[in-house]
Amino acid sequence: MPFTLTGIAVSRGIAIGRAHLIAPAPIEVRHYLVEPDKTEVEVSRLQAAIEEVRDELVSLRGNLPKDAPEEMAAFLDVHAMFLKDEMIAEAPAELIRLRSYNAEWALTHQLEELVRQFDEIGDAYLCERKADVVQVVDRVLKALAGARPDLPIVSADQDAPMIVVAHDISPADMLKFKDRAFAGFATDLGGKTSHTAIVARSLDIPAAVGLVNASALIRQDDWLIVDGDSGTVIVNPTPIVLDEYRDRQSPHQLQLKKLQRLRFAPTQTLDGVPIALEANIELPEDAPHALESGAVGIGLFRSEFLFMNRKGDLPGEEEQFGAYRSVVESMRGLPVTIRTVDVGADKPLDADMPGNQTSALGLRAIRWSLSDPQMFLTQLRALLRASAFGKVRILLPMLAHSKEIDQTLDLLERARAELDQEGLPYDPNVEVGAMIEIPAAALALPMFLRRLNFLSVGTNDLIQYTLAVDRADGAVAHLYDPLHPAVLNLIARTIHEAKQAGLPVAVCGEMAGDPTMTRLLLGMGLTEFSLHPIQLLAVKQEILHADAARLSKVVDRLLAACEPEELQAELESLRAA
């Protein structure tokens, strides 16, 4: 019987094939107390299991296929990094010693604490890193139980394309399929920034995540259609529906091949407006992929990966400098915009850190950095030192007050003075910019324009805070609307005022990477997009077929519309312009 599941679209295109279920293999965790004289034996058992999983990840990393995406290697590195983290490598051992817990009990107890911390995070990207921690701990539990992690794949139709269906799937488990092509993903969990979504985009494979109960409803070898454009999965489609989607699939595949020809073509509109397409990256290893996609720089490099899941020891200057320098050198002279750390007391850095533990509106981003000037100074020094190896721009998150800008600039001057005194080189002309991601910033732009060198609009948070909607909350996620008149006017106002003041302005949120939004942003006057590398060519094609001057007139009418019917009519005009 055909039926349809609806989830979150994370990678465009259509996949048709047979379902290959990865059933979760639950590990029964026994809780018992070990004898006092056996605690060190239990600690050794835990450490051996961690070492076994680490060796497996290193082996998988070393045997990656040459055509494997950079993201795959990066995620394996992240999982290996979690295994070295004190919260996993040492805290459970202390529970064994102090409370005589058995290894499995100590590990799951610690996992519960980590999950609690992740659940309190307001940032969608960082919150979804919880899945990585859960998967790492799951692998250690399997090693403790002596279970083999291999995934059996058995199908009655070995010639049909394979669509992986799972509750969730780890990057390490994805490699189990490297010897056999798979056409798409469908998972119960995940969001736009989950690892499954990122890998699906990097492989350019259609995927739908957040399907809730797909792995329970879909059976092995069911015929599936994964519509990556809408985030839907059609199970056991009728012949008519199957033929319809096959007809839609062929032009899409041909289109993907055509897009590859655009990689290094100049990016400009039909009326000659040059457009800069830059890449958003998560890890230093992503930089080469950005270059291969044709990006003309890095518009957003998140520095949070250096700070996450550490207990007591924040990254030092040399560690940060090495990471920033590697990205700058990889980009071969192209600009690299590095955002200062956007985590805080509500993020999983240190469970004992004082401050607001529940609110996304609490001590986070620039507020957290300024609350610890020495830590912030260390990051600013590392960023400045990396600028000696290429063009670096510093991006400040969640600014709202002029005093936050002034305090940051004062610290930056102090960092320069210290480096001068120590004889360490840096670029004295490093530009400093602001993320415009809360309504207060968009409505008080003059104070930013007077003090800073560039702006970057973070549409994800701007939409969320403007509409008071948590898009990760299923009860209200349907109200998260990038086309809400208030949102559109704030973005348009920011672009217009920045251009009037002669400051460069970019958009780096999800809207920048959505080809259906490209004409709208061009009509607002945007000339700098920062997006995931896999989205770049689809957006580029929209730009090459757009007339910016004509779009501007339509957008003026659209911004004046308030009623849904009026807005929809102008959106249709925009698509036809």
Side-chain angles (χ1 to χ4, degrees), residues 8 121-127 191-193 280 300 339 342 344 346 356 358-362 364-367 395-402 404-405 433-449 452 455-499 505-514 516-518 520-526 528-531 555-564 566-568 570-571 574:
I8 300 169
I121 297 176
D123 182 275
Y125 169 78
L126 293 176
C127 185
K192 284 186 176 293
T193 54
N280 295 344
L300 174 62
R339 186 176 69 187
D342 188 5
D346 62 331
N356 191 328
T358 58
S359 174
L361 305 179
R364 56 163 289 200
I366 196 66
R367 303 167 183 176
L395 184 60
L396 308 174
M398 208 177 175
L399 288 167
H401 303 278
S402 59
E404 294 169 336
I405 305 173
M435 289 282 289
I436 305 300
E437 51 189 336
I438 57 177
L443 294 170
L445 276 179
M447 69 182 181
F448 293 88
L449 301 175
L452 298 169
L455 304 177
S456 188
V457 182
T459 56
N460 300 357
D461 274 346
L462 184 61
I463 297 166
Q464 179 166 266
Y465 293 134
T466 300
L467 302 181
V469 170
D470 181 356
R471 64 177 182 159
D473 184 339
V476 295
H478 63 287
L479 298 173
Y480 180 92
D481 182 10
L483 296 174
H484 190 286
V487 173
L488 295 180
N489 277 279
L490 286 175
I491 296 172
R493 173 187 178 135
T494 301
I495 294 171
H496 175 74
E497 291 194 28
K499 286 187 168 295
V505 57
V507 169
C508 65
E510 288 289 334
M511 286 180 71
D514 185 347
T516 66
M517 298 287 183
T518 303
L520 173 62
L521 294 172
L522 288 172
M524 290 179 178
L526 186 70
E528 187 175 333
F529 294 66
S530 188
L531 59 163
V555 168
D556 285 344
R557 298 197 304 268
L558 186 148
L559 292 173
C562 289
E563 295 298 329
E566 296 175 330
L567 189 63
Q568 190 59 43
E570 295 303 339
L571 286 171
L574 193 65

In Å and rounded to the nearest 0.5 Å, what is the CG to NE2 distance from Leu559 to His496? 11.5 Å
Between Leu483 and Leu520, does the side-chain contact (heavy atoms from CB on, under 4.5 Å) criterion hold? Intermediate values first, please. CA-CA 10 Å; Leu483 296 174; Leu520 173 62; 3.8 Å; yes
Stepwise side-chain contact (heavy atoms from CB on, under 4.5 Å) check, Leu445 with Ile436: CA-CA 9 Å; Leu445 276 179; Ile436 305 300; 3.9 Å; yes
Check the pair Val505, Glu528 against side-chain contact (heavy atoms from CB on, under 4.5 Å), reporting the backbone distance first and the verdict last. CA-CA 7 Å; Val505 57; Glu528 187 175 333; over 6 Å; no
For the CZ atom of Arg367 and the CG atom of Leu399, what is their distance to the nearest 0.5 Å? 9.5 Å
Which atom of Thr466 lies closest to which atom of Ala486, heavy atoms considered: CG2-CB, 4.1 Å
Spacing of CE belonging to Met517 relative to CG belonging to Leu522, to within rounding of 0.5 Å: 13.0 Å
Residues which pass side chain to side chain donor-acceptor pair (under 3.5 Å) with Glu570, listed by chain and number, not counting sequence neighbours: Arg557
Side-chain donor or acceptor of Asp461 paired with backbone N/O of Ile438 under 3.5 Å: no
Can you name the side chain to side chain contact (heavy atoms under 4.5 Å, CB included) partners of His401, sequence neighbours left out? Lys403, Glu404
The criterion is side chain to side chain donor-acceptor pair (under 3.5 Å); which residues satisfy it with Glu437, sequence neighbours excluded? none
Of all heavy-atom pairs linking Gly523 and Val555, the shortest is CA-CG2, 3.5 Å
Between CE on residue Met511 and CZ on residue Phe529, distance to nearest 0.5 Å: 9.5 Å
So, taking the atom named CE in Met524 and the one named CG in Leu488, what distance separates them when rounded to the nearest 0.5 Å? 4.5 Å
Smallest separation among heavy atoms of Leu395 and Ala434, with atom names: CD1-C, 3.6 Å
Locate the shortest heavy-atom distance separating Ala400 from Met447; write the atom from each residue and the value. O-CE, 2.9 Å
Once rounded to the nearest 0.5 Å, what's the spacing between atom OG1 of Thr494 and atom CG of Leu455? 7.5 Å
Can you check whether Ile463 reaches Val469 side chain to side chain, under 4.5 Å on heavy atoms? no
Check the pair Leu467, His484 against side-chain contact (heavy atoms from CB on, under 4.5 Å), reporting the backbone distance first and the verdict last. CA-CA 9 Å; Leu467 302 181; His484 190 286; 3.6 Å; yes
Sequence neighbours left out, what passes side chain to side chain donor-acceptor pair (under 3.5 Å) with Gln568? Give chain and number order. Glu572
Do Cys508 and Met435 have side chains that get closer than 4.5 Å, going by heavy atoms? yes
Which heavy atom in Gln464 sits nearest to a heavy atom in Tyr480, and how many Å separate them? N-CE1, 3.9 Å
Which heavy-atom pair separates Leu521 from Ala512 by the least distance, and what is that distance? CD1-CA, 4.1 Å
With sequence neighbours left out, what residues match Thr516 under side chain to side chain donor-acceptor pair (under 3.5 Å)? Asp514
Test of understanding: with side chain to side chain contact (heavy atoms under 4.5 Å, CB included), list the residues that count as partners of Ile8, not counting sequence neighbours. Val10, Lys192, Val209
